[in-house]
Chemist: 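The structure is given below, and queries will be raised subsequently.
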Amino acid sequence: MDTYDIFKQLTAGVRFTKKRAAPPSKPNTVNVAKETPQLKPVNKTVEDSDSGEDCSAADDFRLLADSGTGSAAADVPKRKKAKKQLSTEQAEQQQRAEEVSALRKQNLITVLGKDVPAPIRLFDDLSTGEYKLLPRLQENLLSYGFAQPTPIQMQALPVLLKDRALMACAPTGSGKTLAFLTPIINGLRTHKTTGLRALVLAPTRELAQQIYRECGELTRGTGLRTHFISKVSEARQQHGPECKQKYDILISTPNRVRFLLQQQPPLLDFKTIEWLVLDEADRLMEEGQNNFKEQLDDIYGACTHPQKRVAFFSATYTVPVAKWALRHLKNLVRITIGVQNSATDTVKQELLFVGSESGKLLAVREMVRQGLQPPVLVFVQSKDRAKQLFEELLYDGINVDVIHAERTQHQRDNCVRAFREGHIWVLICTELMGRGIDFKGVNLVINYDFPPSKISYIHRIGRTGRAGRPGRAVTFFTQDDTANLRSIAQIIKNSGGEVPEYMLQMKKVRKSEAKMRSKKPLDREDITTKIRAETPKNFVKLQKIEKAEKVLKQRNKTNKTEKSSINKSKKLAKVKDQIKGQAGSANGKVKKQKISK
Ligand SMILES: Nc1ncnc2c1ncn2[C@@H]1O[C@H](COP(=O)(O)OP(=O)(O)OP(=O)(O)O)[C@@H](O)[C@H]1O
């Protein structure tokens, strides 16, 4: 039987949608994952006889996408066992391969690449045998008290501990952070003064800070030093030449890193970087203005270490990212948990038609009236709308706050902390908090504004239903949102949710239109129901007056006789009417929409 026959046999059941590679003209090696003699199509990388390159990115990517559920061994037709008697060693290898295949299938782990290491079952598997995890790291890992590794940890940990390049796709809230931090820390072992040896990039400062905190917990007692660039202004003195030896691991966002790289002389030196990890990799590799791809190219170019390991992590991937990884990363392993680009199945997902923009406010107030289960995250599409919704809900007696890029870092930090500590029950946010942020126990996500894409939808609702806990997501939609409705409805259906059949039958929106919508959100009617003060200055004044009135009202309740505070209330009311009077006449007859409480 020559190689071509083996190739035919091995690829039985595999669908190549592109034109099939010409049958190898001369014998070539067909590389199959050693642990699975009965080949699973997604486990194989067929070397092309001419270039010696793996099969094309698109085929490869489609293979991964097609493999869909669990270990693809399930789809490969049972093949007759080879007649000849297997030697004991071969029988053991076969047995081991079947166990690995069963474990992957049970955890919906799909792998693609050569000689992919077997998944672990328990964290303890890392301290014995071939991995021998740093004892202190093992201790820190076990101190979390997790019963067992999540599927992505089961497979990604061995792969990264074997220094392989990795592209990992796993549902939101499934423990990807631990999956990439553990191998980095194990690889670096302890502090050295040779300069930065690991770089972890995340798309937002809040997510980078969260990873930094988790890294601090995992490196406790190892001597390793981790740095997070909180303020670029401070970074200058923190990153002068003398302190290059100060840190081992840097966690940051691409724009801060590139800014320091571009200083003359550069304030960062990445020649010694042995680990480069991109969290939310598809977001980091988005092209276009104010996206990260350009910054990433500069950073990747500065990491010149010949043996650097590169790992991408995200709950969603796009073909360009997969192609880039296949082109640039040698001996790449691809891991998918469950079905690629799908929503986590721990979230009960609902679509709610609210008629019009003003209907959304009614819907939120109705949910509040029925009793919300805090903590709740409310996503809107822009910072202006976040401010407007905040102003509306502020006086509804809800513990609400708002976070967006226009707030100072100090305000953002306080807001995140207050939400994490339960002082804030409802946090209004934009896409800034849409990815990666791990708020423990968020019970409900409300998509007040329809998500700009299915990728955004998957990440937004992934702020709840984390680490296996149940969650709930309600997505408001109006007539204007029907273009994207079908794709979101399909995501909900694919993750086990109920959707009306008509939504799945709706016309598919063209890729170009979907792309345009994901970049430029819909122009929506203002949320605010108040007559807006003519000038921002007045608007701020109004806000302050209303806050002062609220405090005085509280005080008047307690001591009625307090003359001064009653006079003060009267004075405030007078100033407020003057401002509104100005605004009212200047704005013409802006009808005040009465929203019933
Ligand atoms: N093995 C485990 N068992 C249970 N919980 C875990 C395990 N590993 C991590 N977690 C917890 O799961 C939560 C989510 O982890 P993490 O933030 O790393 O998820 P993620 O996959 O990165 O999510 P996202 O895609 O939203 O970024 C965290 O609170 C983390 O402590």
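Numbering of ligands and ligand atoms starts at 1, following listing order. Sequence positions, counted from 1, serve as the residue numbers for this chain. No experiment lies behind these values; they were computed from the predicted model shown.
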Chemist: Using only heavy-atom distances, determine whether the side chains of Ser382 and Asp384 contain a donor-acceptor pair under 3.5 Å.
Modeler: no
Chemist: Can you tell me if Ala170 contacts ligand 1 (heavy atom of the residue under 4.0 Å from the ligand)?
Modeler: no
Chemist: Check whether any side-chain N or O of Arg197 sits under 3.5 Å from a backbone N or O of Leu188 as a donor-acceptor pair, and report yes or no.
Modeler: yes
Chemist: Salt-bridge test for Arg220 and Glu139: reply yes if a basic N is under 4.0 Å from a carboxylate O, no otherwise.
Modeler: no
Chemist: Are any non-hydrogen side-chain atoms of Tyr448 and Val364 less than 4.5 angstrom apart?
Modeler: yes
Chemist: Less than 4.0 Å between a side-chain N and a carboxylate O, is that true for Arg164 and Asp115?
Modeler: no
Chemist: Among protein heavy atoms, which sits nearest to atom 13 (C) of ligand 1, and what does the distance come to when rounded to 0.1 Å?
Modeler: Asp438 OD1, 3.7 Å
Chemist: Counting each atom of ligand 1 from 1 as listed, which ones have a heavy atom of Pro171 under 4.0 Å away?
Modeler: 21 (O)
Chemist: Only heavy atoms of Ser174, strictly under 4.0 Å: list the atoms of ligand 1 that pass.
Modeler: 19 (O), 20 (P), 21 (O)
Chemist: Against ligand 1, does His459 come closer than 4.0 Å with any heavy atom?
Modeler: no
Chemist: Could you see which bit of Arg435 sits under 4.0 Å from ligand 1, with heavy atoms only: side chain, backbone, both or neither?
Modeler: neither
Chemist: From Ile455 CD1 over to Glu280 CD, what is the distance, rounded to the nearest 0.5 angstrom?
Modeler: 10.5 Å
Chemist: Looking at Glu280, which atoms of ligand 1 are within less than 4.0 Å of one of its heavy atoms?
Modeler: 27 (O)
Chemist: What residue and atom, counting heavy atoms only, is the protein's closest point to atom 25 (O) of ligand 1, and at what distance?
Modeler: Lys176 NZ, 2.7 Å
Chemist: Would you mind checking which non-hydrogen protein atom is closest to atom 17 (O) of ligand 1, with the distance to 0.1 Å?
Modeler: Arg466 NH2, 2.9 Å
Chemist: How does Ala147 reach ligand 1, if at all, at less than 4.0 Å between non-hydrogen atoms: by side chain, backbone, both, or neither?
Modeler: neither
Chemist: Which bit of Glu214 is near ligand 1, meaning a heavy atom under 4.0 Å away: side chain, backbone, both or neither?
Modeler: neither
Chemist: Note the single closest protein heavy atom to atom 8 (N) of ligand 1, along with its residue, its atom name and the distance in Å.
Modeler: Gln153 NE2, 2.9 Å
Chemist: Would you check whether Gly173 has a nitrogen or oxygen atom less than 3.5 angstrom from a nitrogen or oxygen atom of ligand 1?
Modeler: yes
Chemist: Report yes if Ala467 has an N/O atom closer than 3.5 Å to an N/O atom of ligand 1; otherwise report no.
Modeler: no
Chemist: Tell me whether Arg96 is salt-bridged to Glu98, with the criterion being a basic N under 4.0 Å from an acidic carboxylate O.
Modeler: no
Chemist: Counting heavy atoms only, which part of Lys440 comes closer than 4.0 Å to ligand 1: side chain, backbone, both or neither?
Modeler: side chain
Chemist: Can you name the atoms of ligand 1, numbered from 1 with element, that are less than 4.0 Å from a heavy atom of Thr150?
Modeler: 1 (N), 2 (C), 7 (C)
Chemist: If we only count N/O pairs under 3.5 Å, is Asp279 in contact with ligand 1?
Modeler: no
Chemist: Any idea which protein heavy atom is nearest atom 10 (N) of ligand 1, and the distance to it?
Modeler: Phe146 CZ, 3.6 Å
Chemist: Relative to the heavy atoms of Arg463, which atoms of ligand 1 are at a distance of less than 4.0 Å?
Modeler: 26 (O)
Chemist: Taking the side chain as every heavy atom from C-beta outward, state whether Gln295 and Leu201 have any atom pair closer than 4.5 Å.
Modeler: no
Chemist: Please write down residue, atom name and distance for the protein heavy atom closest to atom 18 (O) of ligand 1.
Modeler: Thr177 OG1, 2.7 Å
Chemist: Measure the spacing between CZ of Phe312 and CG of Leu278 and express it to the nearest 0.5 Å.
Modeler: 5.0 Å
Chemist: Between Gln409 and Asp413, is any side-chain donor less than 3.5 angstrom from a side-chain acceptor?
Modeler: no
Chemist: Measure the spacing between CG of Asp345 and OG of Ser342 and express it to the nearest 0.5 Å.
Modeler: 8.0 Å
Chemist: Within a strict 4.5 Å, meaning less than it, do heavy atoms of the Phe180 and Asp279 side chains meet?
Modeler: yes
